[in-house]
Asker: 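A single structure is presented below for examination.
Just so it is clear, the structure is predicted and the values come from calculations on it, not from any experiment. Numbering of residues begins at 1 and proceeds along the displayed sequence.
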Amino acid sequence: MPLGPGQRVLAVADDLSGAAETAAALLSRTTRTRVLLDPRTDTPAPAGTTTVFDLDSRQLSAADAAARITTVLTGLAPDTVVCKKVDSLLRGNLAAEIAALAATGRGVLLAPALPAERRTVRDGVLHTDGVPLHTGDAWRAETAAPPRSVAEALGVPVALLGLQAVRGQDHHLRTALREALATGLPVVADAETDADLDALLAATLDIDPRVVLAGSAGLALALGRTLGGGPPAPLPPPGPATRPLLVVVGTAEPVAAEQVRRLVTDGAALYALDHTPSHPGPALPPLRPGITVLTPRQDGPPDPAAARSIARHLARTAAALLDTAPGPADLVLTGGETARRVLDALGVRELRPRGQVHHGAVLAETPDGRTVVTRPGSYGGPDSLRLVARALRAPAARTPTTPTPPPTPAPPAPKPGRTSQDHAKGPFMNATPAAAAGTAPTTAGNTGALPVIAVTMGDGAGIGPEVIVPALLDPGTLSRIRPVVVGDAERLRRAAELLGLADQVEIVTVEGPADAEFTPGRINVIDLGLLPADLPWGKLSAVAGDAAYQYVRVASELALSGAVQGICTAPLNKEALHAGGHLYPGHTELLAHLTGVEEVSMMLSTDTVKVIHVTTHIGLIDAVARIEPGLVERTVRRGHDALVRAGVEHPVIGVCGINPHAGENGLFGYGEEEEKIVPALEVLRADGIDARGPLPADTAFFLAGRGDYDLIVAMYHDQGHGPVKILGLEAGVNLTVGLPVIRTSVDHGTAFDIAGTGTADPGSMIEALRQAAALAPNPTG
């Protein structure tokens with residue numbers, strides 16, 4: 001039965017993050033989508049409305065959880081499509097809730113696979129990252145043993161629909177499904193891909209649309225695709241940095257600690273509760289403007305029995321902090337139990353979803369205008385909270401400093417605003433935000449038409465295609481740029497398939513930027529068609545090396561002609577490039593040759609530190625010989641100009657020495673600092689550029705990491721690359737400074753070891769595209 005925009009849909013979930021995730025999956029079909037936090041809510045839904053109930057039943061008894069299901073389904077219009085969101089790890093009161101659904105007589109299809117998170121079902125057994133649930137550690141925070149199969153989780157006989165039937169011809173699938181439903185048992189379906197779930201959903205709705213659709217967010221996404229209605233509207237623009245944003249992390253997942261660490265590295269304040277709920281501790285400091293993270297301190301393995309009391313304690317603390325805020329504050333809540341308890345404490349009974357920052361991170365609004373992002377605790381990579389924070393908050397404006405050269409090359413004092421109170425001790429660890437140098441998302445030139453950016457695909461055997469596809473589907477990308485890929489369309493389609501995104505993206509071949517259309521879900525490709533269909537992932541290939549060169553060549557020609565305003569490059573492999581007959585050390589030198597520029601600089605940029613290099617891909621002895629005052633001066637000027645274009649009005653630049661301790665007044669080396677660096681600094685300072693040094697490299701990066709410098713000038717490759725890769729590799733961006741066009745790139749390689757696995761993190765590509773937008777000029781004509 002085809003479903004249209006007038007169809008009523010009722011979905012239920014056992015926790016808030018699951019309800020929000022389900023609502024976001026169904027959001028594309030209608031703007032009348034709501035999440036209700038009380039199953040007793042008596043608000044009849046008109047036709048065309050999607051209602052998602054958070055039953056808050058994860059911690060209830062089995063009988064109470066089943067009763068809440070029954071309450072919601074009582075009096076339901078017979079034509080309403082019912083979707084039950086289940087936990088993709090089979091946690092909660094799954095058996096009782098499925099039994100309550102089966103008691104309605106509608107029949108139940110249970111398909112818990114979630115391909116986007118690499119959770120699949122084969123032979124009725126749930127696998128996570130290819131490992132059966134009961135043999136892995138995904139249930140480490142649970143008190144009970146993990147089930148060995150979906151049937152064991154339900155505790156009743158089931159009818160199993162195997163993968164062979166799911167992937168059979170349509171009439172074979174419908175026959176097998178019809179026979180399974182006729183048994184009266186819950187039907188458990190295998191699935192490994194979104195295509196499997198789409199086929200299951202289509203067959204079920206065709207046989208009997210009254211059958212209850214039970215599954216993870218993967219099945220909800222399939223339902224959303226079936227209902228149609230186009231993609232959701234873009235997310236609202238980031239709010240001002242002065243509005244408080246409270247991030248409450250209530251999960252014991254290992255990745256959460258790294259997510260928090262990176263957000264604090266970006267400047268968020270951290271309140272780590274190190275007291276028990278029965279001992280509330282001293283009064284909280286007021287919630288100030290900016291980003292604040294609240295999380296329990298983890299001194300050992302998680303205690304599942306204490307999870308609910310910890311969530312309630314976090315909720316009380318969050319409510320108390322919000323009461324101290326100087327104005328309206330927004331929220332990021334990870335972990336369904338924590339999210340629900342916080343909203344309960346605030347009296348929030350309804351959410352209106354707007355979209356997703358990334359998979360599972362759902363942005364919604366409350367009736368009183370508060371923005372809330374919820375996310376399951378186990379979701380997202382290490383940069384998840386960074387991505388959410390950037391979607392919600394614009395960077396703080398920099399306070400200009402007067403460029404006064406220091407009388408000696410000693411490290412400068414911290415910038416204004418840092419006090420000893422920033423590191424106050426007690427029951428909370430409090431880290432004060434550092435300045436976000438050079439991260440302004442737009443420039444004056446971007447107030448008109450968005451810049452067109454050529455995205456080169458890099459080495460097709462590496463992870464370039466796998467990071468390009470999700471980066472160009474990211475909600476923020478089309479709000480900043482108009483991207484056109486220069487590469488191979490078929491390779492991008494293969495990447496989309498292995499990422500489980502084939503049904504969410506349309507890859508379209510175009511002759512050039514003028515022929516491209518920029519709509520959500522569409523990727524425009526200038527298809528050079530250079531890669532064979534059977535090119536293996538993760539293997540060195542001269543063909544792929546030559547193709548990577550050709551992509552850059554075409555992009556350079558487009559940039560020089562004015563057809564694009566910038567270039568963003570996916571990684572190439574230098575050995576493959578050479579095997580393909582192109583003997584360049586890397587992208588930087590290749591682009592300089594193609595654009596006719598004699599001298600450029602490499603800049604590595606993260607939110608923590610930015611580094612420009614005087615020399616790059618040459619040996620250390622040759623690098624020291626090449627360094628001279630003119631090269632140092634030109635390098636600093638290129639870095640200064642790039643930061644000014646990015647919105648840093650008066651950059652503070654730290655210049656490293658060459659020798660240990662910057663020579664320590666002649667103790668180390670042969671006076672290279674005085675001969676090669678100091679004369680350049682004197683010229684720069686006379687021109688009003690705040691360049692300080694020569695600095696010992698081992699302290700310069702520490703000072704930059706805490707916000708004392710906007711840019712560090714490294715004398716040679718490893719002096720700059722090593723610290724940057726420690727402080728921010730995953731979200732790093734490589735910029736070529738001095739070209740006649742803007743060029744940014746990811747700050748990672750081709751990663752042959754993981755290419756073709758669908759596990760590459762697109763965060764650096766997303767950031768590279770964002771910085772390309774920040775630096776690119778306004779298109780003319």
Asker: Between Thr242 (side chain only) and Pro289 (backbone N and O only), is there a donor and an acceptor less than 3.5 Å apart?
Answerer: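 Checking the backbone N and O of Pro289 against the side chain of Thr242, no donor-acceptor pair under 3.5 Å is found.
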
Asker: Examine the side chains of Thr615 and Arg626 and answer whether a donor and an acceptor come within less than 3.5 Å of each other.
Answerer: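 Side chains of Thr615 and Arg626: no pair found under 3.5 Å.
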
Asker: Is any side-chain heavy atom of Cys656 less than 4.5 Å from a side-chain heavy atom of Ile712?
Answerer: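 The answer is yes; the side chains approach within 4.5 Å.
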
Asker: Should Arg634 and Glu628 be marked as a salt bridge (charged side-chain N to carboxylate O under 4.0 Å, His left out) after you check the CA-CA gap, both sets of side-chain angles, and the distance that decides it?
Answerer: CA-CA 10 Å; Arg634 294 191 299 274; Glu628 50 87 18; 3.7 Å; yes

Asker: Answer yes or no: does atom CG of Leu583 have more than 12 heavy-atom neighbours from other residues, nucleotides or ligands under 6.0 Å?
Answerer: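 Atom CG in Leu583 is packed in, count exceeds 12.
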
Asker: Within a strict 4.5 Å, meaning less than it, do heavy atoms of the Leu577 and Asp546 side chains meet?
Answerer: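 Of all side-chain heavy-atom pairs linking Asp546 with Leu577, none is under 4.5 Å.
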
Asker: The test is side chain to side chain contact (heavy atoms under 4.5 Å, CB included); show your working for Ile627 and Glu672 and say whether it passes.
Answerer: CA-CA 9 Å; Ile627 297 168; Glu672 287 88 350; over 6 Å; no

Asker: If you look only at pairs with a residue in residues 548-568, which of them pass as a ring-ring contact (aromatic ring centres under 6.0 Å, His included), with sequence neighbours excluded?
Answerer: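 ring-ring contact (aromatic ring centres under 6.0 Å, His included) check on residues 548-568 returns Tyr549-His582.
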
Asker: Assess whether a salt bridge exists between Asp690 and Arg692, defined as any Lys/Arg side-chain N lying under 4.0 Å from an Asp/Glu carboxylate O.
Answerer: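 Answer for the salt bridge query: yes.
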
Asker: Please determine whether side chain to side chain contact (heavy atoms under 4.5 Å, CB included) holds for the pair His721 and Leu604, giving the CA-CA distance in whole Å, both sets of side-chain angles, and the decisive distance to 0.1 Å.
Answerer: CA-CA 8 Å; His721 274 63; Leu604 302 181; 3.7 Å; yes

Asker: Working to the nearest 0.5 angstrom, can you tell me the gap between Leu739 CG and Thr595 OG1?
Answerer: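 One finds 4.5 Å between CG of Leu739 and OG1 of Thr595.
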
Asker: Go through Ile481 and Leu450 one step at a time and tell me if the side chain to side chain contact (heavy atoms under 4.5 Å, CB included) criterion holds.
Answerer: CA-CA 5 Å; Ile481 64 169; Leu450 297 177; 5.6 Å; no

Asker: Main chain of Gly671, side chain of Glu674: is a donor-acceptor contact present, judged purely on distance under 3.5 Å?
Answerer: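 Answer holds: no.
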
Asker: Check whether Glu673 reaches the backbone of Ile658 with its side chain - one donor and one acceptor, N or O, closer than 3.5 Å.
Answerer: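 A pair under 3.5 Å: yes.
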
Asker: With no hydrogens and no angle check, is any side-chain donor or acceptor of Glu633 less than 3.5 Å from a backbone partner on Val683?
Answerer: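 Pair absent, no side-chain N/O of Glu633 close to backbone of Val683.
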
Asker: Looking at Gly476, is its backbone amide N or carbonyl O close enough to the side chain of Arg770 to form a donor-acceptor pair, meaning the two atoms are under 3.5 Å apart?
Answerer: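 The answer is no, because no donor-acceptor pair under 3.5 Å joins these two groups.
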
Asker: I'd like to know if the side chain of Tyr584 pairs up with that of His593 as donor and acceptor (distance under 3.5 Å, no hydrogens or angles considered).
Answerer: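 Yes, His593 and Tyr584 have a side-chain donor paired with an acceptor closer than 3.5 Å.
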
Asker: Indicate yes or no for a side-chain donor-acceptor contact from Asn573 to the backbone of Ala576 under 3.5 Å, with no hydrogens or angles considered.
Answerer: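 Side chain of Asn573 to backbone of Ala576, a donor-acceptor pair under 3.5 Å: yes, one is there.
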
Asker: Donor-acceptor pair, Asp687 side chain versus Ile689 backbone, under 3.5 Å?
Answerer: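 Pair absent, no side-chain N/O of Asp687 close to backbone of Ile689.
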
Asker: Mind checking whether Asp459 and Pro571 have side chains closer than 4.5 Å, heavy atoms only?
Answerer: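 Heavy-atom side-chain distance check fails, nothing below 4.5 Å.
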
Asker: So, does Arg685 use its side chain to make a donor-acceptor pair with the main chain of Ala691 at under 3.5 Å?
Answerer: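 Pair found, side chain donor or acceptor close to backbone of Ala691.
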
